[in-house]
Amino acid sequence: MRRSLIDAALTFVCAAATVAAIGLFLAILGVVTLRGASALSWRFLTEATRGAGEEGGIVYQIAGTAIIAATAAAAAIPLAAGVGIWLVMYAADAPRRAVEAVVHAINGIPSIVFGLIGFAFFFRFLDMKKSWLAGGLILALMILPTLVIAFVERLRAIPRDTVLAAFGLGLRRSDVVRTVLLPHGAPGLVTGTLLGIGRAAGETAPIMFTCAIFAGATLPHGIVDSPVLALPYHIFILAQDSFDPAMVVRMWGTAAVLVALEVTVSALAIPLRLTVAKEASRA
Amino acid sequence: MLELRDDAPDLINIHALSVRVRTTGRVLLQDVELNVPKHRITGIIGPSGAGKSTLLKAINRLTDLMPSLEVSGQVLLNGVDVRAREVDPDDLRRRIGIVFQQPVTFHGSIRRNVTFAAQRIGLVNRRNEQQVLEESLRAANLWDEVRDRLGHSAGTLSVGQQQRLAIARTLAGNPDVLLMDEPTSALDTASTAIVERTILGLRKSKTIVVVTHQLQQARRLADYIACLCATDRGGALVESGACETVLLAPRHAETRRLVGLAGGIT
């Protein structure tokens, strides 16, 4: 009797936690959509911002966000693949533990600190100006732990006999990496990348010091002095004008677009991961 | 020293082979002495934890990939110490192939599974790929079952077929020695029979060392038997000799106990 009560209580607590999590997500989605709905239109999505943000759309903010998120992913993927393979395949025990600790420590660094690091490195040290590349690279560093952890988890799930069987055929380490580890680990890297892109696209602090401006930019025209517009930074600036009701609606509209992008990327993670796993097994 | 002797020359000589875990000092194998005759099947029997699998991995230096293990003693292949500086461990593992208990298939087609490793190490090229593929699959008794679907994923094969695919893949590297770690323990009776037929068919051209828990299987397959037992000092080879002698008239108490526990050999 007592055990069945404990079972029932545990089931209730778990179910309640799940409902609360989903409810919170739906509530955020609902608030953002309802408050921003009146701003959303085809023109809002396809036109450039005019004036001080009170007119036009957010097409270049969407493009800028996509560019820096894609840059972050492009830079982080090879780095994460290298770190992951090294941790699983080559590292001795002590350096492996040290690097794993560093990777987890990076994950714990506040995003504003990444912004400051990016500012110090790109502007003070390299003497650059605001650039999509600087923003993308600092975001790459920020999302690196997400990619490494997802990739390494997947690599560690490979049965030991599978790796030993590959070595048992006389393959060199590089061959085992290419033919066994990468195909098996790819779905983990895809998952990590999509989660990382989701996080990179939504960050404000790292990009406000490194690449984002509020107005006056379109698509990047170079590397060193080539700022971009970005959705989170746009929201941040509009929020400072929150006494103006028109601006508030446009802010919520921008937030709705950003949330929709985040949800889309997250939703892609599951089927894309399955597709990569399936294709890897067919390759 | 316990020895296996008949007219066949020894291909592998193992002297004072010990394996221990560095961190704990636990001994997995202690002073193993064993000679493995060429083109014969040597069965390794013994209870769980006696170090049978470790012995196989020490022979082809897969233990090198386990930094926690420390290996001492000698394994001579054709008189050359496999751990000598001039021996390339990757080449050694090609010459001493291994098949594991659980069938291992890699990503990709049946064709790719058989030939990719041999291609990487330069034994297979476009000209001889089909020939090596067919010969390896025939030797593994799998050709007739897969000849029409070589492009299909290896994952579509049954477990028994996957194990024969693993054997074919190892054979594509043309090894001198085939180490088999309980190759039928994951298989049903019918698949076991086919794999056993495959092993017996390979005896003419390969030197085979097969670990098995099944004494009846050891009797069906092996020319020679080596019995490993777990002792206070770690896994030790307590008795070896001709199959019938060891299984029907064991000299060592541990071997008698092992045979007796298994219900005896009939």
Side-chain angles (χ1 to χ4, degrees), chain A residues 81 84-100 151-152 154-191 272-283, chain B residues 22-23 53 56-57 59-68 88-109 112-123 151-156 162 165-166 169-175 178-181 186:
Chain A
I85 295 287
W86 182 81
L87 284 172
V88 172
M89 199 66 164
Y90 296 97
D93 216 28
R96 178 183 56 73
R97 277 203 298 266
V99 170
E100 281 179 344
F151 186 44
V152 166
R154 181 79 188 189
L155 292 180
R156 291 206 170 122
I158 301 173
R160 192 175 72 156
D161 278 358
T162 302
V163 178
L164 289 181
F167 277 111
L169 295 167
L171 292 175
R172 299 195 179 279
R173 270 178 200 269
S174 55
D175 293 326
V176 176
V177 166
R178 211 176 62 82
T179 57
V180 180
L181 264 62
L182 285 178
H184 274 91
L189 205 51
V190 169
T191 306
L272 189 60
R273 185 172 177 274
L274 292 176
T275 307
V276 170
K278 203 179 281 179
E279 281 177 2
S281 70
R282 280 189 195 140
Chain B
R22 281 179 212 276
T23 46
S53 299
L56 295 193
K57 287 171 186 151
I59 291 174
N60 73 349
R61 290 184 58 181
L62 279 178
T63 43
D64 288 11
L65 303 167
M66 304 169 195
S68 59
D88 175 12
D90 298 320
D91 184 53
L92 175 79
R93 292 183 199 120
R94 200 275 305 160
R95 294 177 62 196
I96 306 180
I98 189 164
V99 174
F100 290 95
Q101 182 176 353
Q102 291 292 333
V104 174
T105 57
F106 297 107
H107 286 312
S109 66
R112 183 174 177 275
N113 260 267
V114 176
T115 58
F116 85 97
Q119 278 172 345
R120 295 297 302 170
I121 54 183
L123 293 174
H152 289 206
S153 165
T156 61
Q162 286 182 12
L165 183 71
R169 183 175 56 221
T170 306
L171 293 175
N174 193 25
L178 202 53
L179 308 175
M180 308 184 97
D181 191 357

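All of these numbers come straight from a predicted model, not from anything done at the bench. Proteins get letters first, then strands, A, B, ... in listed order; numbering begins at 1 in each. Just so it is clear, the values below take in all heavy atoms, side chains as well, and ignore hydrogens, waters and symmetry mates.
- Taking chain A as the reference chain and counting heavy-atom pairs below 4.5 Å, the highest number among B:Asn60, B:Val99, B:Asp90 is found for B:Asp90.
- Counting heavy-atom pairs closer than 4.5 Å to chain A, the top-ranked of the candidates B:Arg120, B:Arg61, B:Arg94 is B:Arg120.
- For the residue pair B:Val104 and A:Thr162, the shortest heavy atom distance occurs at CG1-CA, 3.7 Å.
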Would A:Thr179 and B:Arg112 count as a side-chain contact (heavy atoms from CB on, under 4.5 Å) here? Give the steps. CA-CA 11 Å; A:Thr179 57; B:Arg112 183 174 177 275; 3.9 Å; yes
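- Taking CG from A:Leu164 and CE from B:Met66, the interatomic distance works out to 4.5 Å, rounded to the nearest 0.5 Å.
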If you apply the rule side-chain contact (heavy atoms from CB on, under 4.5 Å), what do you find for B:Asp88 with A:Arg172, and how did you get there? CA-CA 10 Å; B:Asp88 175 12; A:Arg172 299 195 179 279; 2.8 Å; yes
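- Nearest heavy-atom pair, B:Ile121 versus A:Gly170, reported as atom, atom and distance to 0.1 Å: CG2-O, 3.5 Å.
- Interface summary for chain B: among A:Ala92, A:Pro159, A:Ala166, the most heavy-atom pairs under 4.5 angstrom belong to A:Ala166.
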Between A:Arg173 and B:Leu65, does a side-chain contact (heavy atoms from CB on, under 4.5 Å) hold up when you go through it step by step? CA-CA 10 Å; A:Arg173 270 178 200 269; B:Leu65 303 167; 3.8 Å; yes
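- For chain A, no part of B:Arg95 is nearby; none of its heavy atoms comes within less than 4.5 Å.
- The CZ atom of B:Phe116 sits 5.5 Å away from the CG atom of A:Leu171 when rounded to the nearest 0.5 Å.
- Atoms CG and CG, from B:Leu123 and A:Leu169 in turn, are 11.0 Å apart once rounded to the nearest 0.5 Å.
- For a residue to count as touching a neighbouring chain, one of its non-hydrogen atoms must lie under 4.5 Å from one of that chain's; by this rule B:Asp181 does not touch chain A.
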